[in-house]
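The structure appears right after this line, and notes come after that.
Numbers here are sequence positions counted from 1. Counting starts at 1 for both ligands and their atoms, following the listed order.
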Amino acid sequence: MHADAPLPASFRSGVRPMIFETLASTGHEEVVFCHNKDAGLKAIIAIHNTVLGPALGGLRMWPYKTEQDALNDVLRLSRGMTYKAAVSGLNLGGGKGVIIGDPSKDKSEALFRAFGRYVNSLNGRYITAEDVGIDVNDMEWVLKETDFVTGVHQVHGGSGDPSPFTAYGTLQGLMATLNAKFGNEEVGKYSYAVQGVGHVGMEYVKLLREHGAKVFVTDINKDSVQRCVDEFGCEAVSLDDIYDVDADVYSPCALGGTVNHSTIPRFKFKAICGAANNQLATEDCGDEVERRGIIYAPDYAVNAGGLMNVSLEIDGYNRERAMRMMRTIYHNLGKIFAISKRDNIPSYKAADRMAEERIQTIGKIRLPHMGNGAPRFLGRMRGLG
Ligand code: NAD
């Protein structure tokens with residue numbers, strides 16, 4: 001297009017750009033729109049907050065209906081990553097990337113390398129990883145253009161499948177939840193309704209059964225359910241009946257939004273603790289479960305094992321360190337429940353408060369992370385020496 005050519009109608013007078021108003025309300029630092037016509041790349045990288053460290057968050061590829069949908073998603077997800085990292089005691093900020101496209105037909109080497117070049121241009125302010133629609137092979141292309149990638153294959157120093165770590169972390173969160181509710185953390189003493197026995201759920205069920213717990217399972221995948229029955233001795237229930245099971249703990253390990261106004265009245269559960277993201281359909285569901293005396297373990301604190309695991313790739317991955325780190329989830333949950341009691345607020349609000357308090361406190365002693373530009377200055381200082 002010629003430099004003097006008129007902009008599209010939507011850019012001309014009468015249309016108010018809303019982006020900065022949105023960013024002011026969400027608190028984002030930076031949003032990068034990445035475009036490469038030849039590679040077919042239309043991507044957005046959102047950096048929410050880097051007070052604690054570089055913004056780490058996965059790359060999602062999705063056939064968004066509109067560009068606004070893609071922007072909304074990346075803003076929401078990147079903000080969530082800030083809270084997850086902060087509450088988990090990680091020195092990381094929150095960021096996320098989205099590519100607008102259909103993962104089943106729009107993938108190419110050029111697409112991911114073009115995206116990788118944008119990640120590299122951010123000089124370490126954003127570190128990418130896998131998310132929905134992206135696999136380890138796509139990341140190998142990104143890796144050709146930038147080192148700011150985690151979740152790569154083990155042969156490149158990656159950490160591999162995070163699911164067993166997430167499951168182990170969920171068990172740590174569960175123990176803290178039992179302790180807060182019943183005053184003991186004897187996993188085997190209680191019964192569980194587990195929704196979704198995929199990568200994380202299957203490992204989690206295995207751990208519960210190792211503790212001798214009574215476990216009910218459901219999944220749309222009948223083979224997975226059968227495996228839980230045959231190999232681990234679980235009891236199968238139908239998809240919808242999971243909400244009515246007379247068990248102590250509900251563990252959502254499939255989809256988000258299953259703690260909602262139609263399921264809550266059916267609950268006989270005394271606690272909710274699982275690996276799924278966004279378990280509360282709306283915030284007032286968090287108030288409602290609290291009102292009913294059901295303790296809720298905030299999802300992003302419980303399922304932080306995956307993030308913890310990839311975060312270790314930044315300094316050089318070490319499995320033993322990863323397992324140690326998963327155990328901190330127990331203490332993080334304990335702190336959340338203590339804040340909930342201290343401030344007389346529901347646990348989901350206490351988790352947000354804990355994250356915000358940490359960002360504020362550390363923010364006072366650290367400047368925002370500005371990328372890895374230090375070597376240039378170090379060189380200069382060496383020259384002075
Ligand atoms: P997955 O796709 O391997 O497993 C999900 C399982 O849920 C599948 O077996 C699927 O058949 C089942 N399912 C889907 N809809 C269902 C329904 N309506 N009722 C019952 N079962 C249903 O995914 P995963 O990696 O095990 O992740 C599970 C959840 O944990 C997701 O919400 C994910 O975002 C979250 N999570 C996963 C990780 C990780 O390390 N994999 C980390 C953090 C959070």
Report yes if some N/O of [X] lies less than 3.5 Å from some N/O of ligand 1; otherwise report no.
{"X": "V200", "value": "yes"}
{"X": "A254", "value": "yes"}
{"X": "T218", "value": "no"}
{"X": "N277", "value": "yes"}

Between [X] and ligand 1, which residue portion shows a heavy-atom distance shorter than 4.0 Å: side chain, backbone, both, or neither?
{"X": "I242", "answer": "neither"}
{"X": "S224", "answer": "neither"}
{"X": "L239", "answer": "side chain"}
{"X": "N303", "answer": "both"}

With a cut-off of 4.0 Å, which atoms of ligand 1 are near a heavy atom of [X]?
{"X": "L255", "result": "15 (N), 18 (N)"}
{"X": "P162", "result": "40 (O)"}
{"X": "S163", "result": "40 (O), 41 (N)"}
{"X": "G198", "result": "3 (O), 4 (O), 6 (C), 9 (O), 26 (O)"}

Fill in: Listed partners of F182 passing ring pair (Phe, Tyr, Trp, His ring centres under 6.0 Å), at least two apart
Y190

Item to complete: Take atom CD of E67 as the centre, draw a 6.0 Å sphere, and report whether it contains more than 12 heavy atoms from other residues, nucleotides or ligands.
Response: no

Practice prompt. Report yes or no: is the cationic atom of K341 (NZ for Lys, CZ for Arg) under 6.0 Å from the centre of the six-membered ring of F337, at an angle within 45° of the ring normal?
Written response: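 No, cation not above the ring by the 6.0 Å, 45° rule.
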
Discussion item. The criterion is side chain to side chain contact (heavy atoms under 4.5 Å, CB included); which residues satisfy it with D138, sequence neighbours excluded?
Written reply: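 Side chain to side chain contact (heavy atoms under 4.5 Å, CB included) list for D138, sorted by chain: K107, F112, I134, D135, W141.
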
Worksheet entry | Whether Y250 and F269 hold their rings parallel, tilted or perpendicular, with breakpoints at 30° and 60° | parallel

Worksheet item: Roughly how far, to the nearest 0.5 Å, is OG1 of T128 from CG of L122?
Response: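 Going from the CG atom of L122 to the OG1 atom of T128 covers 10.5 Å.
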
Fill in: Residue pair I314 / L56, side-chain heavy-atom distance below 4.5 Å
yes

Worksheet entry | Nearest protein heavy atom under 4.0 Å from atom 23 (O) of ligand 1, yes or no | no

Discussion item. Is a donor from one side chain sitting under 3.5 angstrom from an acceptor on the other, for E30 and Y126?
Written reply: no

